[in-house]
Amino acid sequence: MTPELSIIIPLFDEAESLPELHARLSKVLETIQQPAEMIFVDDGSSDGSFDTVMHLRQRDPRVRAIQFRRNYGKSAALAAGFARASGKRLITLDADLQDDPAEIPRLLAKLDEGYDLVSGWKRRRFDPFTKRLASKIFNRVTSALTGVRIHDINCGLKAYRREVTDTIRVYGQLHRFLPVLAYKEGFRLGEIEVKHHPRKYGRTKFGVSRFTSGFFDLMTVLFLTRYTRRPLHLFGVAGLIAFFIGSAITAYLAYDRIFFNAYLTNRPLLFLGILLVIVGVQFISIGLIGEMIAATAAASHPSQAYGIRQAAGFEDDPHEHRR
Ligand SMILES: Nc1nc2c(ncn2[C@@H]2O[C@H](COP(=O)(O)OP(=O)(O)O)[C@@H](O)[C@H]2O)c(=O)[nH]1
Ligand SMILES: [Mg+2]
């Protein structure tokens, strides 16, 4: 039977947790009563995690395993799981037992209320103080800048409708922003509070680097979700402003030089004027090059220009009977 429900578990050096996780997942799946698969994505672990997964697979054919050649990161692992999942509904779950599999039925119920992505909210979190604080700032800033009204954007425990995972592209470190990517494609986001547990085995994989890379990734997400299809609107505005101020300054200096014979050698303003004109021209050019890239991309992937939620009255329309 093809699975209706796909559970995707990205993991990196979590061998100790896996048997217990599998046991608890199996218990929950019994109550759901739907054909399911568990896709374990081992991302270059060196602690024998993959052997543990293959062991589980001998006993349970619902277990599917993917092993990366080396560590590619959580986003790549999720993307690989999304690409191979066969269910109509998907769940992602951390492998370290901090997320509670018992929350899955509630996530699915919320999904069925008409949401496309339901995110867990670890309201009471069992993590070190610094991490909770960093996470709070991250969530506030991201929420304010992107308009996504979710408290815990980077929660590992989430439920998706297949359309979402088929549409969004997760790479780099963008898994932190999955709800943002989905929201910008017009999908409906829901949220429920979920139980969270302290880490039992092993250690956290994300160190201090999560702060800096989180900041850069936020810039990437803002740019990609707002301006990829119209880069000139971002660069062009900055370019025009710089160009006009620079032109005004140089015009004033030229006027001074020509009509009042003023010397410009001791006028730092001259440098500012020249700088602004050059920066302005550069920005506008970058924007135009961006537009060329966007136009080429749109020509080769025309379908990505919009996403249809429903349609009616077309023969063989894949979207007609979605709900
Ligand atoms: N595929 C993959 N999974 C990872 C990687 N780093 C962490 N994970 C998994 O992502 C989940 C959350 O990681 P964890 O270290 O617990 O992060 P924390 O809960 O934010 O401290 C766990 O299931 C990890 O095994 C990685 O590089 N690749
Ligand atoms: Mg964890």
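We count ligands from 1, going down the list as the structure has it; atoms in each ligand are counted the same way.
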*Atoms in ligand 1 flagged as close to Gln98, the criterion being non-hydrogen separation under 4.0 Å*: 16 (O), 19 (O)
*What atoms of ligand 1 come within less than 4.0 Å of a heavy atom belonging to Asp43?*
1 (N), 2 (C), 26 (C), 27 (O), 28 (N)
*May I ask you to check whether over 12 heavy atoms, not counting those of Arg203, lie within 6.0 Å of atom CZ?*
no
*Do the side-chain N and O atoms of Ser45 and Asp42 include a donor-acceptor pair separated by under 3.5 angstrom?*
yes
_Under-2.8 Å protein N/O/S neighbours of the Mg ion (ligand 2), ordered by chain then residue number_ = Asp96 OD2, Gln98 OE1
*For Arg132, does its backbone N or O pair with a side-chain atom of Asp127 as donor and acceptor, under 3.5 Å?*
no
Sequence neighbours left out, cut at 3.5 Å: what donor-acceptor pairs do the side chains of residues 266-289 make with other protein atoms?
| residue | atom | partner | partner atom | Å |
| --- | --- | --- | --- | --- |
| Arg267 | NH1 | Asp256 | OD2 | 3.2 |
| Ser285 | OG | Val281 | O | 2.6 |

*Could you tell me whether Arg203 and ligand 1 have an N or O pair separated by under 3.5 Å?*
no
*Do you know which of Thr92, Asp43, Asp94 makes side-chain hydrogen bond (donor to acceptor under 3.5 Å, both in side chains) with Lys74?*
Asp94
*How far is atom 5 (C) of ligand 1 from its nearest protein heavy atom, and which residue and atom is that?*
Phe12 CB, 3.5 Å
*Hey, what's the ring geometry for Tyr72 with Phe68, parallel, tilted or perpendicular (30° and 60° as the breaks)?*
perpendicular
*Taking the six-membered ring of Phe126, is NZ or CZ of Arg199 closer than 6.0 Å to its centre and within 45° of its axis?*
no
*Backbone, side chain, both or neither: what part of Lys74 comes under 4.0 angstrom of ligand 1, heavy atoms only?*
both
*Just jot down the ligand 1 atoms closer than 4.0 angstrom to any heavy atom of Arg199, in number order.*
14 (P), 15 (O), 16 (O)
*Would you tell me whether Arg125 and Ser135 have side-chain atoms, one donor and one acceptor, within less than 3.5 Å of each other?*
yes
_I need the nearest protein heavy-atom contact for atom 24 (C) of ligand 1: residue, atom name and distance, please._
Glu14 OE2, 3.2 Å
*asked:* Side chains of Tyr227 and His233, heavy atoms from C-beta outward: is any pair under 4.5 Å?
replied: yes
*Residues forming a ring-ring contact (aromatic ring centres under 6.0 Å, His included) with Phe50, sequence neighbours excluded*: none
*Measure the distance from atom 16 (O) of ligand 1 to every protein heavy atom, then report the residue, atom name and distance (to 0.1 Å) of the closest one.*
Asp96 OD2, 2.5 Å
*Which of the numbered atoms in ligand 1 are below 4.0 angstrom from a heavy atom of Lys131?*
18 (P), 19 (O), 20 (O), 21 (O)
*Would you say the side-chain atoms of Asp100 and His197 include a donor-acceptor pair closer than 3.5 Å?*
yes
_Quick test of your reading of the structure: of Ser135, Pro10, Gly73, whose heavy atom lies closest to atom 9 (C) of ligand 1?_
Pro10
*asked:* Would Ala77 count as a polar contact of ligand 1, with the cut-off being nitrogen or oxygen pairs under 3.5 Å?
replied: no
_Residue portion contacting ligand 1 (non-hydrogen atoms closer than 4.0 Å) for Asn71_ = side chain
*Identify, by atom number and element, the atoms of ligand 1 in contact range of Phe206, meaning under 4.0 Å from any of its heavy atoms.*
6 (N), 7 (C), 13 (O), 17 (O)
*asked:* I'd like to check which ligand 1 atoms, numbered from 1 as shown, lie under 4.0 Å from a non-hydrogen atom of Ala95.
replied: 22 (C), 23 (O)
*Is Val41 close to ligand 1, meaning an N/O of one under 3.5 Å from an N/O of the other?*
no
*Would Tyr115 and Glu191 count as having a side-chain donor-acceptor pair, cut-off 3.5 Å?*
no
*Please could you name the atoms of ligand 1 that Asp94 approaches to less than 4.0 Å, counting only its heavy atoms?*
11 (C), 12 (C), 23 (O)
*asked:* Can you tell me how far apart CZ (Arg59) and CE (Met54) are? Round to the nearest 0.5 Å.
replied: 13.5 Å
*Should you measure from each heavy atom of Lys205, which atoms of ligand 1 turn up under 4.0 Å away?*
6 (N), 7 (C), 15 (O)
*All ring-ring contact (aromatic ring centres under 6.0 Å, His included) counterparts of Phe243, not counting sequence neighbours*: none
